[in-house]
*Asks:* 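What follows is a structure written as structure tokens; I'll ask about it next.
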Protein chains: 2
Amino acid sequence: MATLGDIGVSAVINILTAFAFLLAFALLRIQPINDRVYFPKWYITGKRTNPRSGGGVVGKFVNLNFKTYLTFLNWMPQSLKMSEDEIISHAGLDSAVFLRIYTLGLKIFGPIALTALLVLIPVNVSGGTLFFLRRDLVVSNIDKLSISNIRPKSYKFFIHISMEYLFTFWTCYMLYKEYGRVASMRLKFLASQGKRAEQFTVLVRNVPRVSGRSISDSIENFFKRNHPDHYLSHQAVYNANKFARLIRKRDRLQNWLDYNQLKFERHSEKRPTSKKGFLGLWGKKVDSIDFYKGQIKELDKELTMERQRILKDAKAIIPTAFVSFNSRWGAAVCAQTQQSKNPTLWLTNWAPEPRDVYWKNLSIPFVSLSIRKPIISVLVFALVFFYMIPIAFVQSLANLEGLERVAPFLRPLIEWNFVKSFLQGFLPGLALKIFLYILPAILMIMSKIEGHVAISVLERRTAAKYYYFMLVNVFLGSIVTGTAFQQLHAFLHQSATQIPRNIGVSIPMKATFFITYIMVDGWAGIASEILRLKPLVIFHLKNMFIVKTERDLERAMNPGGVDFPETLPSLQLYFLLGIVYMVVTPILLPFILVFFAFAYFVYRHQVINVYNQHYESAAAFWPHVHGRIIASLLISQLLLMGLLSTKKAANSTPLLIVLPILTLTFHKYCKNRFEPAFRRYPLEEAMNKDMEDRASESDANLKSYLADAYLHPIFNSFEEVELVEVRVEKSQVHIPSPSPSDPSSPSPRPAYHHEDEPSYDVNRYEVEEPQTAYHYEVEQHQTAYHHEVESYSNMFQYDTESNHHVYRY
Amino acid sequence: MATLGDIGVSAVINILTAFAFLLAFALLRIQPINDRVYFPKWYITGKRTNPRSGGGVVGKFVNLNFKTYLTFLNWMPQSLKMSEDEIISHAGLDSAVFLRIYTLGLKIFGPIALTALLVLIPVNVSGGTLFFLRRDLVVSNIDKLSISNIRPKSYKFFIHISMEYLFTFWTCYMLYKEYGRVASMRLKFLASQGKRAEQFTVLVRNVPRVSGRSISDSIENFFKRNHPDHYLSHQAVYNANKFARLIRKRDRLQNWLDYNQLKFERHSEKRPTSKKGFLGLWGKKVDSIDFYKGQIKELDKELTMERQRILKDAKAIIPTAFVSFNSRWGAAVCAQTQQSKNPTLWLTNWAPEPRDVYWKNLSIPFVSLSIRKPIISVLVFALVFFYMIPIAFVQSLANLEGLERVAPFLRPLIEWNFVKSFLQGFLPGLALKIFLYILPAILMIMSKIEGHVAISVLERRTAAKYYYFMLVNVFLGSIVTGTAFQQLHAFLHQSATQIPRNIGVSIPMKATFFITYIMVDGWAGIASEILRLKPLVIFHLKNMFIVKTERDLERAMNPGGVDFPETLPSLQLYFLLGIVYMVVTPILLPFILVFFAFAYFVYRHQVINVYNQHYESAAAFWPHVHGRIIASLLISQLLLMGLLSTKKAANSTPLLIVLPILTLTFHKYCKNRFEPAFRRYPLEEAMNKDMEDRASESDANLKSYLADAYLHPIFNSFEEVELVEVRVEKSQVHIPSPSPSDPSSPSPRPAYHHEDEPSYDVNRYEVEEPQTAYHYEVEQHQTAYHHEVESYSNMFQYDTESNHHVYRY
């Protein structure tokens with residue numbers, strides 16, 4: 001067990017690591033060549049189009065202004081310059097509230113750390129000797145500062161209990177204030193938004209199929225009858241999952257074509273060739289450009305057929321629709337009420353933002369949903385508690401003997417001693433490492449199978465699952481020895497009062513482990529976050545091989561957003577650690593405070609300069625953050641009770657029983673008081689906004705405004721197919737034009753890029769990932785065009801002329 | 001432990017007891033003098049006004065038609081004659097659905113009993129010897145028919161497990177069908193109802209107080225703004241709890257006055273006197289009639305002042321109102337949506353039926369509510385687990401020594417041996433018996449403190465609490481020895497897997513106890529229900545002392561309704577017993593079947609002839625019934641798992657783990673599928689009904705129809721005060737009139753009873769118990785009158801003339 005000195009060494013190492021990352025970041029970020037990796041947000045908002053460069057050819061890639069190297073930490077004060085309101089308008093409410101979690105951590109743990117260090121440490125140190133522990137447990141210096149140092153039956157435990165009360169009240173007070181603040185920020189944000197499609201739109205699921213009547217007719221009839229004064233229009237949803245798959249395939253082929261064309265442009269002496277077979281490894285040699293063009297052409301035919309099938313086939317319209325109303329009031333009413341006698345039909349709910357919709361899940365029928373959810377719950381439970389079983393199995397296969405059997409030609413290499421020892425140390429952990437790396441993806445797939453229809457909800461559900469995993473396998477798993485499965489087994493065979501005792505008694509002993517964890521995962525981990533090593537590499541690779549135009553460049557720098565499914569749970573784990581240890585081993589708190597402060601700087605910088613959120617949920621994740629901090633309080637109280645009962649502090653322990661009840665009551669009150677602001681849309685608000693609108697503008701163009709807001713991506717991809725053909729033809733014309741060998745410098749816009757032919761490449765991108773930010777704008781541009789088309793079903797016949805007409809001039 | 005013979009003897013005794021009750025009932029019910037006790041429903045519906053009598057003076061009291069004595073069981077077939085639809089229109093949906101619980105019991109347990117007896121009993125009997133139990137446990141013959149008879153590790157347990165699966169599926173199937181049936185009955189019932197106030201009305205709570213504006217203005221403003229097309233009117237609610245207390249006091253005094261006047265009428269030679277002091281035990285002797293008249297007069301003054309205060313004082317209007325809309329659609333929308341930004345303000349919910357409103361709780365503020373609920377939860381928990389502590393304390397006081405110390409003059413009596421042994425056997429149990437007798441009342445008070453605003457909800461909450469009590473103290477308490485508190489202690493110190501084992505292993509041994517319990521509590525208890533001994537006695541006592549008029553007579557026969565808070569939990573206990581024992585000791589099932597069949601007859605008879613429901617909740621209790629049967633299934637599966645694991649049937653037990661998951665999934669599905677029908681009002685339905693109405697009649701008189709539907713009882717009591725004065729004056733005029741010495745025979749209506757002066761006595765009654773059936777009609781009659789009154793606040797000045805005018809002619 002570590003002594004104070006060990007902790008000091010570990011701290012120094014981790015601080016040095018963190019500084020190394022920061023230094024690397026400071027050096028890399030001021031190079032113009034990396035500008036789009038470290039400041040993509042400014043490109044996206046349009047405030048920057050060229051990297052700041054020092055002039056000259058070399059200056060385009062490397063920063064030659066040596067003064068900037070001296071102020072390498074100046075991003076920290078810079079990141080604080082922007083006010084919260086500016087952040088909201090710059091990056092959205094989600095990001096702003098995400099940053100507030102860190103300040104909440106500082107606000108909660110700052111005063112607690114101060115009080116705990118001033119009051120509890122002296123009490124603990126004076127607490128006598130660790131005589132009763134010395135017998136069977138190794139004692140570290142850290143333990144002398146913790147509650148372990150107090151003699152059993154001591155009256156000093158009353159101080160700890162009263163501190164637990166005090167800290168709980170303080171935490172609850174801060175939580176209450178913060179919940180109120182976030183709720184009012186959310187309402188203000190929603191109120192300040194302009195006219196947005198989702199305010200008028202409701203997602204209707206499980207429309208019953210009536211024979212002899214189309215889904216659209218049913219919807220029209222039902223809402224005209226039951227919301228006669230408010231119903232405006234609706235948009236059918238097509239089951240275009242197969243079509244989307246084809247588009248993705250086409251996209252891949254297009255990338256290969258781009259790559260080969262670029263290769264040919266750079267070395268025009270030799271046309272690139274590739275092999276036809278699997279992964280290009282064998283088969284007949286063919287001309288790459290011709291081969292991919294041919295493949296794309298074939299795929300285009302298939303796409304046309306598939307599109308035709310979808311548009312003509314009544315079965316491709318799924319019993320789900322986006323129904324729009326002529327007022328926010330009407331939409332709010334429809335979203336919050338039950339429509340039909342049969343509560344499993346005509347399910348209404350707020351439509352997510354257009355870019356937040358997860359289209360694929362819209363086609364899941366209700367019955368299937370109610371089966372999927374319990375199955376996934378069971379699977380998550382199994383994953384959390386039994387994940388070690390398959391990994392152990394894989395590990396048993398992936399040993400050296402197994403490797404030799406599979407690949408006998410490697411034998412000489414493996415027999416070499418150095419390699420052998422390396423592999424023996426490395427292989428067993430490999431399966432586990434791979435598993436932990438792909439775990440968020442697995443959990444995301446599970447959430448998708450659950451059938452949620454908004455990406456924001458998917459991310460929240462994934463975050464919840466990841467939190468359970470961390471709680472059991474990181475927190476409990478570190479405290480109680482053995483795998484989660486063994487713990488589960490032990491828990492089932494222990495009495496209800498024995499469990500908190502067994503965990504509680506080990507808690508002080510694990511303080512040093514968690515301090516190290518905070519330094520490695522928290523300090524160094526956050527420092528590596530700001531370096532963005534992975535996006536940096538990917539950007540430069542893409543830049544080298546497939547970027548041809550300005551648009552390609554923008555796609556290559558895709559900065560992503562805050563990774564909620566991973567960040568929120570680990571953040572909540574830090575809250576848990578702080579709350580559990582605040583009374584037990586308060587020396588842990590400063591480490592957590594450093595983490596919160598440092599992470600705040602880093603994420604503030606990232607939110608301002610890097611991230612570009614795909615959607616805006618208006619801080620819908622806050623109730624979960626609040627709820628998990630409350631859960632941490634409860635866990636802390638329970639474990640303290642267990643710990644004290646092993647200390648034979650029987651006369652003081654019952655005092656703690658009131659605390660969980662108070663905490664739960666507080667939680668219930670907050671739930672009633674604030675949560676509806678995150679789940680429902682009050683009619684008062686809706687009416688206010690409606691009134692404003694009515695005063696400022698007429699109702700006339702609302703219908704046209706809403707008509708295509710929730711257009712299925714199939715219609716975007718639709719034009720794109722035609723457009724890409726255009727593009728391919730014209731590209732050939734342009735081949736001789738001086739395509740710059742440095743793809744990061746802004747290439748001049750090709751001649752056929754008109755300003756009012758806005759975004760065909762973005763369009764193509766959209767089909768693949770409909771959630772990106774552009775989507776919404778793109779649809780706005782298309783509105784005019786779609787309004788010429790009366791019915792979607794005659795669109796196809798119409799399209800071949802009109803589409804070319806509109807876009808070709 | 002009982003043998004089969006013992007069970008037989010017990011069965012015979014209980015059957016004889018039940019028959020004795022039935023015989024007594026058969027004899028008593030055909031006496032004309034008891035007609036109003038056993039057939040009050042017919043008097044209330046107006047289908048019967050006089051008992052069928054055999055003619056002559058004696059025939060009025062005693063049945064002289066001896067033929068009817070021979071067919072004393074003919075109420076059974078009679079009770080089956082009415083069809084379900086007739087029962088719904090005769091007694092309401094609540095009663096009809098309540099009866100369906102019994103048929104559900106028969107439908108579930110009939111086939112299960114047959115299968116279990118045919119399959120499991122042979123398996124169990126052939127199962128070998130009870131060798132392993134004989135060592136430490138007494139074995140009864142019943143055990144030979146139960147699962148205990150199977151040898152450990154036997155493969156026969158697979159039969160039991162597959163039977164558990166089969167029975168669970170069957171139960172779920174029946175539950176599913178029944179839930180669907182009840183839900184559609186409810187919707188049909190609601191759809192078939194005529195225009196009713198609660199369809200248009202929403203209860204709004206927590207109206208914010210704005211300084212300088214009255215509550216009424218706030219409400220008017222808010223709803224005119226946010227529901228401009230639908231808002232119609234609203235009714236303020238007054239905090240009249242003190243006034244109601246005074247009215248109750250006045251009522252008591254009036255009863256004494258009536259009693260004394262009647263006494264004087266019968267023995268006109270001597271005016272009755274009473275003492276002024278406490279309980280009439282000491283103090284100055286006064287003339288009773290004058291004394292009570294004086295008291296009433298004083299109280300009337302006080303009432304007038306209090307009423308004036310309420311009407312004039314703005315603070316007496318509580319921030320709660322009944323808001324009415326011009327369509328069911330508008331009300332449905334308002335009830336289901338969130339109104340205000342702050343979700344704790346402007347809380348809207350469906351208004352209960354006018355007669356279902358529990359006025360007293362309307363004035364509880366929201367903050368207080370959120371504190372009351374957790375406190376009551378803790379209290380209920382304490383009551384369930386620790387109720388023995390205060391009772392043991394009282395018992396320790398209420399022993400013979402204590403009695404001698406308190407009342408030394410009793411010593412000679414107590415020293416007498418027979419009395420001593422009787423008391424020693426009796427006293428210790430007395431406190432417990434008194435507690436169990438008043439337990440439902442205690443639970444009802446707790447529910448009232450929780451703050452529910454509808455009587456139906458109060459009764460459901462009380463039923464839930466009573467169920468927990470029975471589950472822990474009757475079911476678990478009988479299986480595991482020791483008090484509930486000791487069990488709780490043991491549970492906390494046992495492991496999670498040990499608890500079902502410990503309970504499971506004792507289950508087969510307690511079968512004989514529960515069979516006896518079913519016979520005593522079920523068979524004989526139900527038979528005593530039909531005898532209505534308590535109402536019989538009370539009716540005749542009232543008849544003798546205070547009944548003067550036809551109205552008094554009707555009040556005296558007040559039949560009450562189905563006692564949901566007590567009947568539902570005990571019914572659910574029988575389901576639990578049946579489900580737990582269906583696989584373990586199937587011989588118990590026939591006893592349960594007999595109970596269900598017999599109780600079905602009895603309650604059907606009572607519903608048709610006796611009960612008069614105070615309110616109609618349209619079977620709102622069904623989700624609770626369903627949920628508790630599901631809970632019983634889960635308990636049964638868990639205990640069977642525990643039982644089998646003690647049988648070392650390790651290879652078969654894991655098969656059972658899937659069953660609880662399936663059951664829970666089924667429950668969740670049912671909850672989604674059916675529960676909304678019991679909680680919300682679909683817009684489709686509302687719109688349909690609105691359309692019908694619009695076609696048939698104009699919207700004109702809706703406002704006047706709704707204006708007084710939710711009139712606070714204060715306004716009923718209001719007229720009453722004036723009226724009673726009239727009555728008292730006139731009564732004196734009528735004293736010489738031949739008031740019949742037999743109060744049960746219909747006395748001629750006094751001259752001042754006009755048909756269109758409908759119900760002044762009922763009015764008086766209303767103040768005390770606003771939930772009675774008459775309430776609604778009464779208010780209808782008053783509508784015309786109240787509409788002359790523009791504002792409630794000038795009502796008082798107005799009243800002294802107009803009221804006398806209207807009612808006096």
Side-chain angles (χ1 to χ4, degrees), chain A residues 183-184 187 191 222 225-229 329 332-346 366-367 369-371 373-375 377-378 489-499 661-662 664-665 668-669 672-677 679-688 691, chain B residues 183-184 187 191 222 225-229 329 332-346 366-367 369-371 373-375 377-378 489-499 661-662 664-665 668-669 672-677 679-688 691:
Chain A
S184 75
L187 287 174
F222 186 86
R225 181 176 166 84
N226 292 311
H227 296 267
D229 306 332
W329 193 91
V333 159
C334 183
Q336 293 180 47
T337 51
Q338 188 189 329
Q339 307 302 313
S340 149
K341 255 200 268 194
N342 182 339
T344 60
L345 298 179
W346 299 105
F366 185 78
V367 180
L369 279 183
S370 58
I371 299 165
K373 277 185 188 155
I375 290 178
S377 308
V378 171
H489 190 258
F491 285 173
L492 285 177
H493 290 84
Q494 281 172 356
S495 78
T497 49
Q498 196 56 43
I499 296 169
I661 297 171
L662 290 180
L664 276 177
T665 310
K668 216 149 187 198
Y669 175 74
N672 282 334
R673 174 68 185 79
F674 297 118
E675 206 178 303
R679 303 273 171 266
R680 310 172 101 188
Y681 190 45
L683 294 188
E684 194 183 12
E685 281 286 297
M687 192 50 101
N688 280 346
M691 296 283 208
Chain B
S184 75
L187 287 174
F222 185 85
R225 181 177 166 82
N226 292 311
H227 296 267
D229 307 331
W329 193 91
V333 159
C334 183
Q336 293 179 48
T337 50
Q338 188 189 329
Q339 307 302 314
S340 149
K341 256 200 269 195
N342 182 339
T344 60
L345 297 179
W346 299 104
F366 186 79
V367 180
L369 279 184
S370 58
I371 300 165
K373 277 183 189 158
I375 290 178
S377 307
V378 172
H489 191 259
F491 284 174
L492 284 176
H493 290 83
Q494 282 171 355
S495 78
T497 47
Q498 196 55 43
I499 296 168
I661 297 171
L662 289 179
L664 277 177
T665 309
K668 216 149 188 199
Y669 176 73
N672 283 335
R673 174 67 186 81
F674 297 119
E675 207 178 302
R679 303 274 170 265
R680 311 172 100 188
Y681 190 44
L683 294 188
E684 193 184 12
E685 281 286 298
M687 191 51 98
N688 280 346
M691 296 283 206

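Here is how names work: the chains are called A, B, and so on, in the same order as the sequence lines, proteins then strands, and each is numbered from 1.
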*Asks:* Select one option (side chain, backbone, both, neither) describing which atoms of A:Ile661 are under 4.5 Å from chain B's heavy atoms.
*Replies:* side chain
*Asks:* Give, as side chain, backbone, both or neither, the part of A:Thr665 having an atom under 4.5 angstrom from any heavy atom of chain B.
*Replies:* side chain
*Asks:* Name the region of B:Tyr681, side chain, backbone, both or neither, that has any atom closer than 4.5 Å to a heavy atom of chain A.
*Replies:* backbone
*Asks:* Return the option, out of A:Pro343, A:Ala335, A:Ser184, with the maximum number of heavy-atom pairs under 4.5 Å with chain B.
*Replies:* A:Pro343
*Asks:* Among B:Leu187, B:Leu664, B:Leu345, B:Leu683, which residue forms the greatest number of heavy-atom pairs with chain A at distances under 4.5 Å?
*Replies:* B:Leu683
*Asks:* Locate the shortest heavy-atom distance separating A:Val333 from B:Trp329; write the atom from each residue and the value.
*Replies:* CG1-CH2, 4.2 Å
*Asks:* So which residue, B:Thr344, B:Asn672, B:Thr337, B:Ile371, ends up with the most heavy-atom pairs under 4.5 Å with chain A?
*Replies:* B:Thr337
*Asks:* Give, as side chain, backbone, both or neither, the part of B:Lys668 having an atom under 4.5 angstrom from any heavy atom of chain A.
*Replies:* neither
*Asks:* What heavy-atom pair brings B:Arg680 and A:Gln338 nearest, and what distance separates the two atoms?
*Replies:* CB-OE1, 3.5 Å
*Asks:* What pair of heavy atoms forms the shortest contact from A:Ser340 to B:Glu684, and how long is it?
*Replies:* CA-OE1, 3.3 Å
*Asks:* Quick one: which of A:Glu675, A:Gln339, A:His227, A:Glu685 has the most heavy-atom pairs under 4.5 Å with chain B, could you say?
*Replies:* A:Gln339
